[in-house]
Structure formats: C-alpha cells, structure tokens
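Single-structure report; data block below.
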Amino acid sequence: MLTAKGKYGLKAMLHLADAEPDMLVLSEEIASQNTISKKFLDTILGELRNAGFIYAKKGRRGGYALARPAEEIAVGHVLRVLDGPLAPIACASRTAYRRCTDCSDVERCRVRLVMLEVRNAIATVLDNKSLRELQGMRTLLEIDPVHWAAAV
C-alpha cells in the first residue's frame, strides 16, 4: 500500500513539475497548498534531493525545483526511494527479497506466486508512468470526470 510519505512525495513532485520553468518553490508553499505538515515535507524533500530528483537552493531567493525534466522521472522510482520495494510481501520483492519464515517450499508457494503477479502489475504501471504523464491526468479529470469519479 502507498504510504503517506509516498503520496506526499508524489504531490510535492507534481507541485514542482507544475511550477514555471526555472522557478524555485518554497517548501512552505508546497506544504500549505497540498495540506502536508511542513516538518514531514522537509524530511521527504531531503530524501528526494538525496536521490537526485530535486535540487535545493538556500537563501533569500531559495527553494526547490526538479533536477531533471518531469518526463524523465518514473513514478515507480520515486516511490521506491520514499517507500521501499513495491512488492506487497518480502518474498515477492526483486530488490529486498526475504524468505517467509513460515514457508516450507518457496518455489511452490502459491501465495508468493500471486504476490509476484501483483508486484509485476504494480511495477509495470508505476515504472512506465512519468511525472509528466501524471501532470496530464488533470486534463483527463476535466475531460471525463464521470469516468474518474467511478474510482472513488
């Protein structure tokens, strides 16, 4: 499941992607416009900066901006940085595999097999969806609000 950290990180990244080119955005603005605790957001922004997704400039004219174009940032990569592996259970993870203590035969475990399918489906969507594509989803909401409201 997506954590609050992952969700807020994506919201912050979208906020920066929506900003005017070469414009630095204050963390206070991101926090207030996205209803995120500033303290929590500062932690998230630090992780995103350390991962190379954003850059920060300190000082009077400082703020945050994307470090590379939105079309080059995969949603799956952002979420892995903030939330860790996408797999719903450790034995289905590619990057943090850990055998379940109660599993006698990992190769024949049907629960693991279905969780591998889930992990692969999630990864396929998130790794092939760029931040730019998420920006475009606002247009989808405006064009067909009834379709997207059905997901609520």
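Predicted, not measured: the structure shown is a model, and the values here were computed from it.
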- [ ] State which residues pass ring pair (Phe, Tyr, Trp, His ring centres under 6.0 Å) with Y64; sequence neighbours excluded, sorted by chain then number.
- [x] none
Task: Set of side-chain hydrogen bond (donor to acceptor under 3.5 Å, both in side chains) partners for S32, sequence neighbours left out - done: none
Open item on the list: With a 4.5 Å cut-off on side-chain heavy atoms, are L66 and F53 touching?
Closed with: no
TODO: Check whether any side-chain heavy atom of L14 lies under 4.5 Å from a side-chain heavy atom of M137, and answer yes or no.
DONE: no
Open item on the list: Please evaluate residues L82 and L48 with respect to the criterion side-chain contact (heavy atoms from CB on, under 4.5 Å), reporting the C-alpha separation (whole Å), side-chain torsions for both, the decisive distance (0.1 Å), and the verdict.
Closed with: CA-CA 8 Å; L82 296 173; L48 293 170; 4.0 Å; yes
Gap between atom [atom2] of [Y] and atom [atom1] of [X] - 0.5 Å precision:
X	Y	atom1	atom2	value
L131	L16	CG	CG	8.5 Å
I36	K7	CD1	NZ	9.5 Å
S130	I73	OG	CD1	9.0 Å
I44	M13	CD1	CE	12.0 Å
Y8	T35	OH	OG1	8.0 Å

Connected via hydrophobic side-chain network under 4.5 Å: [X] and [Y]:
X	Y	answer
L41	L24	no
L134	L2	yes
M115	V106	no
F40	I54	yes

Open item on the list: For residues 95-113, which residue pairs pass the salt bridge (charged side-chain N to carboxylate O under 4.0 Å, His left out) check, not counting sequence neighbours?
Closed with: D105-R108
Task: Within residues 45-69 or reaching into it, pairs that qualify as salt bridge (charged side-chain N to carboxylate O under 4.0 Å, His left out) - sequence neighbours excluded - done: K5-E47
- [ ] Indicate yes or no for a side-chain donor-acceptor contact from Q135 to the backbone of A17 under 3.5 Å, with no hydrogens or angles considered.
- [x] yes
Open item on the list: Keeping D83 on the side-chain end and L79 on the backbone end, is there a donor-acceptor pair under 3.5 Å?
Closed with: no
Ignoring hydrogens, what is the shortest heavy-atom contact between [X] and [Y]? Give both atom names and the distance.
X	Y	result
P85	A96	CG-CB, 3.5 Å
P88	V118	CG-CG1, 3.8 Å
C109	C103	CB-SG, 3.8 Å

TODO: List in chain and number order the residues that pass salt bridge (charged side-chain N to carboxylate O under 4.0 Å, His left out) with E133, two or more places apart in sequence or in another chain; answer none if no residue qualifies.
DONE: none
Task: Polar contact flag, side-chain donor to acceptor under 3.5 angstrom, H15-N34 - done: yes
TODO: Any chance you could pull the hydrophobic cluster mates of L116, using side-chain heavy atoms under 4.5 angstrom and chaining through other members?
DONE: L113
Open item on the list: Apply side-chain contact (heavy atoms from CB on, under 4.5 Å) to residues V81 and H77 and explain how you reach the verdict.
Closed with: CA-CA 6 Å; V81 164; H77 193 185; 4.0 Å; yes
- [ ] Go through V125 and V75 one step at a time and tell me if the side-chain contact (heavy atoms from CB on, under 4.5 Å) criterion holds.
- [x] CA-CA 9 Å; V125 171; V75 173; over 6 Å; no
- [ ] Show your reasoning for whether side-chain contact (heavy atoms from CB on, under 4.5 Å) applies to S27 and K38.
- [x] CA-CA 7 Å; S27 61; K38 173 142 176 358; 3.3 Å; yes
